[in-house]
Each structure stands twice: as C-alpha cells, then as structure tokens.
Amino acid sequence: MSHAAARLGLPDTLATVTTDRPRLRFAPSPTGYLHVGGARTVLFNWLHARRTGGELILRIEDTDTERNRPELTENILDMLQWLGLGWDGEPTYQSARMNLYREAADRLFASGRAYWCDCTAEASQARAKERGGPPGYDGFCRDRALGPGPATALRFRSPDDGATTFEDLIRGTVTVENSTLEDFVLLRSSGTPTFLLANIVDDADMAITHVVRGEEHVNGTPKYLCLGDALGLDYRPVFAHLPVLVNEGRQKLSKRRDSVSVQEFKDQGYLPSAIVNYLALLGWGPKDGVEIRPLEEFVEQFRLEDVTSSPAFFDVKKMQHVNAEHLRALPLPEFLDLARPFLTRGAEAEAALEPIAALVQERVRLLTEVERMIAFLFDEPLEIDEASWTKAMVKGKAAPEMLDASITGLDALGDWAAETIRTAIEAAAVSVGLVNAEGHAQLSKAQGPIRVSTTGRSVGPPLFESLEALGRERTLARLRAARERL
RNA sequence: GCCCCCAUCGUCUAGUGGCCUAGGACACCACCCUCUCAAGGUGGCGGCACGGGUUCGAAUCCCGUUGGGGGUGCCA
C-alpha cells in the first residue's frame, strides 16, 4: 500500500485504480486553533476524497511571517488526527516554497501584469474617504513605474474590462465584472507573498482538481482566476464554496466572539465521532434522514453537489445530543477508557465509577459530566444541594419517619446489594404509610429523602445501585447525619 | 457605497413541477413508562419571506421587492 493510501486508510486498489483521481486540499493558516468551521471544511473535503478514491493534501498557509504562530500548526495537525480526518503524504508548508511564489511575481512584473506601489494602507484609505467613492485601493501607482524597495508592495494589475465566470458545484455559475476587481497586493513590502498568489501557484502546481472551501472565498475567486490567466496557467479547478457557519446572531463564527475551537470541545468531553457526525449535518443531510451514524456511512452518502448554499447555525445543543447518542453507543470498556482522562481524582474516581459505569453512561451528554455524577462516592464530606434538600426534606412527606425506618431496616440487612436494599426501603415506605392504592410502597416519594441524604442531590443514577456502591457504613452514617439535621 | 451569495418550522434539514392539507431531527410542551434523573414511547406546538409572472398545476421555474450574510486588508 502506498504511503498516501495508508494515511487515508484506503485499500490499495482504490488508491491506484485511476490515474486521474481527484486531488483536494485543506489549507489552514496557523493564525488560530482549529475551529469547527475549519473542521467542517476538512470534513467535506475528506468525505469527497474518500468517496471518490481521491487524495487530500494538507497545505499550511504560513506566508505571513508577522501573524504566523508556528506552534498553532501542531494544534491543527493534532486536532485533525484526533477527529480522524487524516491527509495524504506529508503536509506542505508554503513558507518552504517562497521562491516559487516570488518567481511567479517576477513573471507578472516582467509581463507588465503587476506593478510596484508605495502607498500605505492609511494613504489609500484616506484617498478613498476623500473622493467618497468605494473603499479599497484606487490604482494610484499603476503608471508611476516604481521599482522594488523597502516600502513597496507588488500589486496585480487587474483587468479593466471583461468578466470572469466560474462554475461552483454548490452555487452554480458565478460571474463578476473584472472592473470591480481592485489591484490587490501580490508581494508585501517585506517580500512575502500573499494568500491569492500563493494559492493559485500551489493549487496549479499541486494539480488540485477540487477547491472546496468556505463561502468567504467566493469573492476572491475571480481574482484568483485572473491571476492564473495572467501567469499563463491553463488551470481551472472545480469549485465548491461551502456555506459559512454562523452564531446565534447569524454572524460568521469567529474565534474571538464564539468559543468554537475543536480543542475546547475535546476538553469538554465531546467524542471526535460525535463532532464529525454533527458537522456533517451542517449544510448537508443524508437522503434517508438517518442523522446519527458512523463516518463510514457518511462517506458512502456524501455528495458535494448536494450541499446547501445558505449559512448554517452552529447549534451546540444539537451537538450535545449527538454526543450523548455516541456516548451511549459505546461498549462499556471503551466508555470507561474515554472517561478516565476526565476523572480529576484519578484512581479514587475510577474505583467509584466502575460499579455504576453503565448507569452513568446512559445519563451523560459530555464526558466532563461523569465526575459530578459519581461525586457522592468520593471519600469526603458530602456536599448537599440546598434546593434538593428543601424539596425532599421540607416539602416532601414524612421525611423524618422515612429516614428512621430506613436506618432501622438497612442496619438490619444481611446482604448489602441493590435488590435487598430495595426490599428494605420498600418495607420502610410501607411502614410509614407511603403506599399506593394497592398498598404497595410508593418509591417515587419514599426515595427522595434517602437520595438527598446519601448523594446530596435529587437527581442521579438509580438509588439502590448507588447505595450498594456507597456501602453500608457510609450509607447509614449519611442517613443518620441527615436525620439529626432535621 | 460597490460586488457577490443566500432565503422551507426557533434551529439543522428533506423536498429538483403533481406523491406536500410540506416529511425528519434538535429544542420546547403534555402524557405514558418509571425508585429520581436520563433513555424510550405517544401526541402537541411550529415553516415554504412578500409581490408578480410561466403552467392545467409551483415550496419547487422566471422577474422584482424585502430581509440576511459574505467580500471589499501589505489576514487567510
């Protein structure tokens, strides 16, 4: 199996059967942690590559040496791996290919398609404001015949007439008048290339067949294409511009405002499979309507051309639901393994979790919720939730009697097991008159005071199993302590 | 301002001219189940932005309006 095939986990036959298989790329820039928007972009690239037997290349766009934070590249790579969205071959770093972009820039200058400009951003903004026209660069230096220098940037001489059209798998045909394209910067005064230049040079050089990226790039596409033409590149990839992900204010998700880094969700106890599952549902949906499913099935069903074209709200509530579903579907040992890193008390918490793990598993939405659910089993003074206490002890019926009767009954128990505990508590309930019409114990009422006394809360895993795990000594001690407090 | 894109329940979506008195999921509400909470079950709430066309017939096609978003950086 080829190295590339191994990274994507593709069978060799699939990886080599066609000579002209699709080549896609994910091109993050290390200016921030990997966030859910980026993760969704990789996912759609990845799904299309996997389904079509294509390749997915990872390209780190680190040409802006000023803003670049190399340590973030590690996070991006880690998170991609953690999500299970691998790439083919070694990642490419644009910082290692600067010569390629400079050569392209030189060619553009030599052919008259680019010119040097010494306007500062402030100056061109001031001019725009003064003339009251549209913001943006006005072509001030177009014919000044400036040469390179410490404060000059190379700009592209955008075509003045004609129109640029491209086909988008998601949006159909998009046409833009070339006259609306401003003369954008190719080379910064520092000599480093900008996004558009590096982008087209690399996509063509790497023979990328499908450019799948966020909607925010739609407007840049005509510039990218004009640049390619000016470079004499006979290159036209297929485009697919994914709808942006938005927050509750319907604004594009931003790392600043919204806390949406993949790392953060990982730390909160989301499963990678759940994140990926949820993300696949944003801007796209399986034809059969089955939303909760493994990645492999998304590979089979996913079609780029079926992606929606309107922005999608990133709904944490729904992602939590998806996570809960994935958590419950886990084999118990696996659930324990995954929960372990979230247990801040180490061995003690592990020991506490073990006997009631299955009961906890079906009750948590996030792995971070596990510890709180078993906190009553820790060897330390019980923290009692006041609202729960009031509800069960003050407003609840016959709390003192119920506690007394349970203490007596449980103290006399031979076998300390969930079933015998249940029997004892039922008997206690009957003895204090907490019975239904048939004369059976009314456990829904009777369990309240006991639950709050022993676990500190009114909600939690089933009581009898919890008490079995708590043990006779601690159960009785807590029951007595609660009785005294009444 | 200019350019581009978008428009089905609160949210994510199904729907590609008749199968739609618009289907599913999340959220919410009620009931059932039940030792609490979850889970599960049943039901409910709730939508084709508006106006014109085209057509025997439009959520679906066309035009316009309105609304929203994205871009307009020596960020990507």
Side-chain angles (χ1 to χ4, degrees), chain A residues 27-32 61-64 66-68 117 119-121 124-125 128 132-137 151-155 168 170-172 174-177 179-182 184-190 192 194-196 198-199 213-222 241 243-244 246 248 250-252 278 281-292 308-315 317-322 324-325 328 359-365 373 388 392 422 425-426 429 441-448 450-452 455 457-466:
Chain A
S29 86
T31 52
E61 307 222 322
D62 54 353
T63 60
D64 188 350
E66 307 263 313
R67 295 162 207 256
N68 208 12
C117 164
C119 300
T120 59
S124 54
Q125 267 166 30
Y137 186 69
T152 57
L154 188 70
R155 285 186 186 273
D168 189 299
I170 298 169
R171 273 147 231 283
V174 179
T175 301
V176 176
E177 294 296 326
S179 59
T180 67
L181 270 28
E182 63 276 19
F184 54 94
V185 169
L186 260 15
L187 247 34
R188 302 185 184 93
S189 50
S190 65
T192 56
T194 57
F195 160 71
L196 255 356
N199 230 232
R213 54 190 351 180
E215 184 189 354
E216 63 270 24
H217 294 292
V218 171
N219 281 271
T221 304
H241 288 101
V244 288
V246 298
E248 43 298 310
R250 292 253 133 211
Q251 305 289 311
K252 186 172 83 162
Y278 174 63
L281 267 19
L282 286 183
W284 180 79
K287 287 274 181 271
D288 60 10
V290 179
E291 294 188 330
I292 308 294
T308 317
S309 43
S310 45
F313 171 61
F314 182 77
D315 186 356
K317 280 244 185 81
K318 180 143 184 178
M319 187 164 74
Q320 278 179 1
H321 167 79
V322 174
E325 295 264 17
R328 279 194 293 272
L359 302 173
V360 171
Q361 181 183 12
E362 52 187 337
R363 285 170 172 75
V364 292
R365 289 173 308 171
M373 202 158 281
S388 298
R422 179 194 183 106
I425 289 177
E426 276 174 346
Q442 216 167 11
L443 281 177
S444 59
K445 288 197 175 118
Q447 58 102 36
I450 301 171
R451 178 180 292 280
V452 174
T455 72
R457 303 173 61 202
S458 58
V459 299
L463 184 62
F464 312 125
E465 285 80 357
S466 296

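The chains referred to below are lettered A, B, ... by the order of the sequence lines, with proteins before strands, and numbering in each begins at 1. Predicted model only: the values in this text are computed from it and were never measured.
In this structure, the nucleotide among B:U11, B:C75, B:G71 sitting nearest to the side chain of A:R188 is B:C75. Candidate nucleotides B:C12, B:C26, B:G71 were compared by shortest atom distance to the side chain of A:F313, and B:C12 ranks first. Looking at the side chain of A:S29, the nearest of the listed nucleotides B:A76, B:U36, B:A25 is B:A76. Checking B:U8, B:U36, B:C3 against the side-chain heavy atoms of A:V176 singles out B:C3 as nearest. Closest to the side chain of A:E291, out of B:C12, B:A76, B:A25, is B:A25. Considering only side-chain atoms of A:P311, the nucleotide from B:G70, B:C6, B:A38 that sits closest is B:C6. Nearest nucleotide to the A:V174 side chain, out of B:U11, B:C5, B:C35: B:C5. Comparing atom distances between the A:V459 side chain and each of B:C5, B:C26, B:C37 picks out B:C37 as nearest. Nearest to the side chain of A:F195, among B:G40, B:C35, B:A76, sits B:A76. With B:U36, B:C3, B:C12 as the candidates, the nucleotide lying closest to the side chain of A:R250 is B:C12.
Among the heavy atoms of the strands lying under 4.0 Å from A:E61 are primed sugar atoms or P, OP1, OP2 only; no base atom is included. Here A:S189 lies in heavy-atom contact (under 4.0 Å) with a base. Contacts of A:G214 with the nucleic acid, taken as non-hydrogen atoms under 4.0 Å apart, are absent. Within 4.0 Å (heavy atoms only), A:T175 reaches sugar-phosphate atoms of the nucleic acid but no base atom. Among the heavy atoms of the strands lying under 4.0 Å from A:A151 is at least one base atom, whether or not backbone atoms are also near. At the heavy-atom level, A:L282 lies under 4.0 Å from the strands shown only through sugar-phosphate atoms. Residue contacts for A:T308: at a heavy-atom cut-off of 4.0 Å it reaches the sugar-phosphate backbone alone, with no base atom in range. When heavy atoms are screened at a 4.0 angstrom cut-off, A:R457 is found touching no nucleic acid atom at all. Using a 4.0 Å heavy-atom distance criterion, A:F184 is classed as making no nucleic acid contact. Residue A:Q361 is out of contact with every strand shown, counting any heavy-atom pair closer than 4.0 Å. Among the protein residues, A:E182 comes within range of the sugar-phosphate backbone only, with heavy atoms under 4.0 Å from sugar or phosphate atoms but none that close to a base. Using a 4.0 Å heavy-atom criterion, one finds that A:T180 contacts the sugar-phosphate atoms exclusively. Nucleic acid contact for A:T63: sugar-phosphate only, since backbone atoms but no base atoms lie under 4.0 Å from a heavy atom of the residue. The residue A:P461 sits close to a base: some heavy atom pair falls under 4.0 Å.
Between B:U36 and A:R422, no contact under 4.0 Å exists linking OP1 or OP2 to a side-chain N or O. Look at A:R155 and you'll find a side-chain N or O under 4.0 angstrom from OP1 or OP2 of B:C74. The phosphate of B:G24 has neither OP1 nor OP2 within less than 4.0 Å of any side-chain N or O from A:K287. Distances shown here put every side-chain N or O of A:R365 at or beyond 4.0 Å from the OP1 or OP2 atom of B:A38. Between B:G73 and A:T194, no contact under 4.0 Å exists linking OP1 or OP2 to a side-chain N or O.
Taking atom P in both B:C48 and B:A7, one finds a spacing of 16 Å when rounded to whole Å. Spacing of C1' atoms, B:C9 relative to B:C29, comes out at 15 Å, to the nearest Å. Distance noted for atom P between B:C33 and B:G69: 48 Å (whole Å). Annotation: B:C61 and B:G15 have their P atoms spaced 13 Å apart (nearest Å). Taking atom P in both B:A59 and B:A49, one finds a spacing of 11 Å when rounded to whole Å. The same atom, P, is picked in B:G46 and in B:U60; the two are 23 Å apart, to the nearest Å. A distance of about 11 Å separates the P atoms of B:G18 and B:A58, rounded to the whole Å. Comparing B:A14 with B:U72, their P atoms sit 29 Å apart, to the nearest whole Å.
Nucleotide B:A59 has no partner under the Watson-Crick or G-U criteria, as no pair reaches both atom distances under 3.5 Å. Pair assignment for B:G73 gives none, since no Watson-Crick or G-U wobble pairing has each distance under 3.5 Å. Nucleotide B:A14 forms no Watson-Crick or G-U wobble pair with any nucleotide shown, as no partner meets the under 3.5 Å limit on both distances.
A heavy-atom distance below 4.5 Å is found between the side chains of A:N199 and A:R213. Between A:E215 and A:K252, the closest side-chain pair of non-hydrogen atoms is not below 4.5 Å. Within the 4.5 Å cutoff, the side chain of A:I292 has heavy atoms near those of the A:V322 side chain. When side chains are defined from C-beta on, A:F195 does not count as touching A:D64, because their heavy atoms never get closer than 4.5 Å.
Side-chain N/O atoms of A:T308 and A:S310 include no donor and acceptor closer than 3.5 Å. One side chain, A:R188 or A:T192, offers a donor N or O that lies under 3.5 Å from an acceptor on the other.
Not a single donor-acceptor contact under 3.5 angstrom links the side-chain atoms of A:S309 to the base of B:C6. No hydrogens or angles were tested; on distance alone, nothing pairs the side chain of A:Q251 with the base of B:G69 as donor and acceptor under 3.5 Å. For B:C5, its base never sits under 3.5 Å from the side chain of A:R171 at any donor and acceptor pair.
A:I170 has its CD1 atom 15 Å from the C1' atom of B:C4, to the nearest Å. The interatomic distance linking A:D315 (CG) with B:A25 (C1') rounds to 11 Å, in whole Å.
Comparing A:M319 and A:W284 by the nucleotide of RNA chain B that holds the closest heavy atom to each, the one mapping nearer the 5' end is A:W284. Residue A:G283 is the one, among A:G283 and A:E325, whose nearest nucleotide of RNA chain B lies closer to the 5' end (criterion: closest heavy atom).
No donor-acceptor distance shorter than 3.5 angstrom exists from the side chain of A:D62 to the backbone of A:N68, with no hydrogens or angles considered. Counting only distance, with no hydrogens or angles, the side chain of A:T31 and the backbone of A:R67 share no donor-acceptor pair below 3.5 Å. Put simply, the side chain of A:Y278 never gets that close to the backbone of A:Q320: no donor and acceptor are under 3.5 Å apart.
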